[in-house]
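My structure is below; once you've seen it, I'll send some questions.
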Amino acid sequence: MQEYYPNVPQVKFEGPKSDNPLAFKFYNPDEIVAGKKMKDHLKFSAAYWHTICASGADMFGLPTADKTWGKSDPMALAEAKVGAFFEILEKLQLEFFAFHDRDIAPEGANLAESNRRLDKIVDLIEAAMKKSGKKLLWGTANLFSNPRYMHGAGTSCNPDAFAFAAAQVKKALEITVRLNGSGYTFWGGREGYETLLNTNMGLELDNMARFLRLTTEYGRSIGFKGAYYIEPKPKEPTKHQYDFDAATVIGFLRKYGFDMKLNLEANHGTLAGHTFQHELRVARTEGFFGSVDANIGDLLLGWDTDQFPNDVYDTSLAMYEILKAGGFTTGGLNFDAKARRASYQPEDVFISHVMGMDAMALGLRIADKLIQDGRLDKFVEERYAGYRSGIGKKILSGSVTIEELEKYAIELGDVTTNTSGRQEYLEGILNQIMFG
Ligand code: XUL
Ligand code: CO
């Protein structure tokens with residue numbers, strides 16, 4: 001069997017003192033943290049589109065990373081990628097992966113040919129999964145790259161594009177079912193607008209719901225038992241995307257009555273002006289927590305840079321929310337992340353994942369300590385203690401009238417006592433747990 005990365009050995013846990021760039025310092029897959037093996041908490045997944053497809057090309061420059069193994073024929077290259085990708089999963093101890101239809105097989109001259117190409121590559125992926133035990137976290141369809149989707153897919157003004165997109169998702173769902181995927185993700189890459197001057201927003205939103213209704217019902221009809229996710233993102237490529245953030249998507253799902261969860265990406269949260277923790281908190285509070293695209297954006301650049309997560313403050317607070325949400329069931333931590341353009345050598349694919357996995361593992365360890373420590377929970381509990389008795393208890397029970405509140409307020413005369421929010425005390429606890 002061909003080895004695609006002969007210079008890269010099996011990556012293992014060597015502990016925090018190791019200076020080996022190809023060893024885990026904090027991710028010890030079988031170690032028990034918070035009652036479960038680390039690998040079962042973190043459920044790491046690689047993104048086909050970045051890990052094996054991203055070439056370093058950007059809007060200003062050509063590819064820097066060669067991921068072709070000398071193949072120029074697109075189907076021969078697609079076949080090689082399967083072998084190389086599964087070698088990466090194996091060497092990095094990544095148990096899961098995610099892909100778009102067009103990542104794994106190039107589009108043909110028409111839909112029928114594209115589907116035949118997909119079938120051919122899916123045969124190879126299925127065999128590789130069987131051999132390695134790797135699992136599909138979620139599948140999806142690319143409804144944004146091809147010019148046919150210039151106005152969107154489900155929200156396009158052109159019904160031909162709507163139909164084509166539906167057919168593409170139908171096939172992607174069939175593949176996801178065949179590969180026993182535990183999820184299917186909808187990311188509305190161009191479901192939004194560039195200008196309201198040409199946009200019928202009401203029709204587009206209704207059509208987005210029609211599109212989701214047709215596709216999700218079809219998935220169930222062919223035996224898909226996994227979770228459906230929507231992945232919010234506020235903008236990029238369009239100026240405004242309807243799946244703006246967690247709260248907006250939850251409103252949409254409730255309005256149209258869909259049983260779906262969220263796939264939350266850190267960098268999309270910050271693009272929407274939120275922290276990653278905020279997005280996770282909204283999802284868990286509202287019962288929509290599903291899966292995560294683990295990455296980080298450069299806040300100074302302000303676009304979707306899809307960097308491997310490195311900020312342990314950020315990963316700790318994210319893992320805190322994930323543990324509080326009860327952890328992953330169908331979902332996992334999918335690295336929707338790529339090495340920087342100048343990190344172009346084959347080893348960089350591995351080094352970047354190792355760093356990201358360690359950063360998430362550190363986050364898990366710290367989040368567990370924060371919960372064990374209990375001071376944050378206790379503080380929040382006490383902050384709302386007023387609602388345990390007296391007028392507070394009455395407000396919570398729903399039995400209070402506005403007249404009663406007025407009488408109470410008049411007797412009070414004014415609100416003269418409050419308690420401190422103690423933000424700096426709590427931030428100090430976090431630092432103490434991280435570095436103490
Ligand atoms: C784009 C993005 C997508 C989705 C899947 O910003 O995050 O790759 O994760 O379509
Ligand atoms: Co993503």
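Counting starts at 1 for both ligands and their atoms, in listed order. Heads up: numbering here begins at 1 and tracks the sequence.
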Item to check | Under 3.5 Å: donor-acceptor pair, side chain of Ser343, backbone of Ala339 | outcome: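 Here the side-chain-to-backbone pair does not exist.
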Item to check | Salt-bridge criterion met for Arg117 and Asp101 (N-O under 4.0 Å) | outcome: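 Judged by the 4.0 Å cut-off on N to carboxylate O distance, Arg117 and Asp101 do not form a salt bridge.
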Checklist entry - What orientation do Phe24 and Tyr27 show, parallel under 30°, tilted 30 to 60°, or perpendicular over 60°? => result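 Phe24 vs Tyr27 ring planes: perpendicular.
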Checklist entry - In terms of heavy-atom contacts, does NZ of Lys131 have more than 12 from other residues, nucleotides or ligands at under 6.0 Å? => result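 Atom NZ in Lys131 is not crowded, with 12 or fewer foreign heavy atoms closer than 6.0 Å.
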With the criterion set at N/O pairs under 3.5 Å, what does the list of contacts between the protein and ligand 1 look like, atom names and distances included?
unit_1: ligand 1; atom_1: 6 (O); unit_2: Lys233; atom_2: NZ; d: 2.9
unit_1: ligand 1; atom_1: 6 (O); unit_2: His268; atom_2: NE2; d: 3.0
unit_1: ligand 1; atom_1: 6 (O); unit_2: Asp304; atom_2: OD2; d: 3.0
unit_1: ligand 1; atom_1: 7 (O); unit_2: Glu231; atom_2: OE2; d: 2.7
unit_1: ligand 1; atom_1: 7 (O); unit_2: Glu265; atom_2: OE1; d: 2.7
unit_1: ligand 1; atom_1: 7 (O); unit_2: His268; atom_2: NE2; d: 3.3
unit_1: ligand 1; atom_1: 7 (O); unit_2: Asp336; atom_2: OD2; d: 2.7
unit_1: ligand 1; atom_1: 8 (O); unit_2: Trp49; atom_2: NE1; d: 3.4
unit_1: ligand 1; atom_1: 8 (O); unit_2: Asp336; atom_2: OD2; d: 3.4
unit_1: ligand 1; atom_1: 9 (O); unit_2: Glu231; atom_2: OE1; d: 2.7
unit_1: ligand 1; atom_1: 9 (O); unit_2: Glu231; atom_2: OE2; d: 2.9
unit_1: ligand 1; atom_1: 9 (O); unit_2: Asp293; atom_2: OD2; d: 2.9
unit_1: ligand 1; atom_1: 9 (O); unit_2: Asp336; atom_2: OD2; d: 3.0
unit_1: ligand 1; atom_1: 10 (O); unit_2: His100; atom_2: NE2; d: 2.7

Next on the checklist: Around the Co ion (ligand 2), how many protein N, O or S atoms are found at less than 2.8 Å?
Outcome noted: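 Number of qualifying protein atoms: 4.
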Next on the checklist: Is it the case that the side chain of Lys91 and the backbone of Tyr5 share a donor-acceptor pair, with hydrogens and angles ignored and the cut-off at 3.5 Å?
Outcome noted: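 Yes: the side chain of Lys91 pairs with the backbone of Tyr5.
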Item to check | Stacked cation flag Arg148 on Phe164, 6.0 angstrom / 45 deg | outcome: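 Cation-pi check for Arg148 and Phe164: passes.
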Next on the checklist: Show, in sequence, the C-alpha distance, side-chain angles and deciding distance for Thr248 and Asp245, and conclude whether the side-chain hydrogen bond (donor to acceptor under 3.5 Å, both in side chains) test is met.
Outcome noted: CA-CA 5 Å; Thr248 312; Asp245 59 3; 2.4 Å; yes
Checklist entry - Which class fits the ring pair Phe186 and Tyr228: parallel under 30°, tilted 30 to 60°, perpendicular over 60°? => result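 Tilted: the ring planes of Phe186 and Tyr228 meet at 30° to 60°.
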Item to check | With Asn295, the side chain to side chain donor-acceptor pair (under 3.5 Å) member among Asp304, Asp336, Asp306 | outcome: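 Of the listed options, the one satisfying the test is Asp306.
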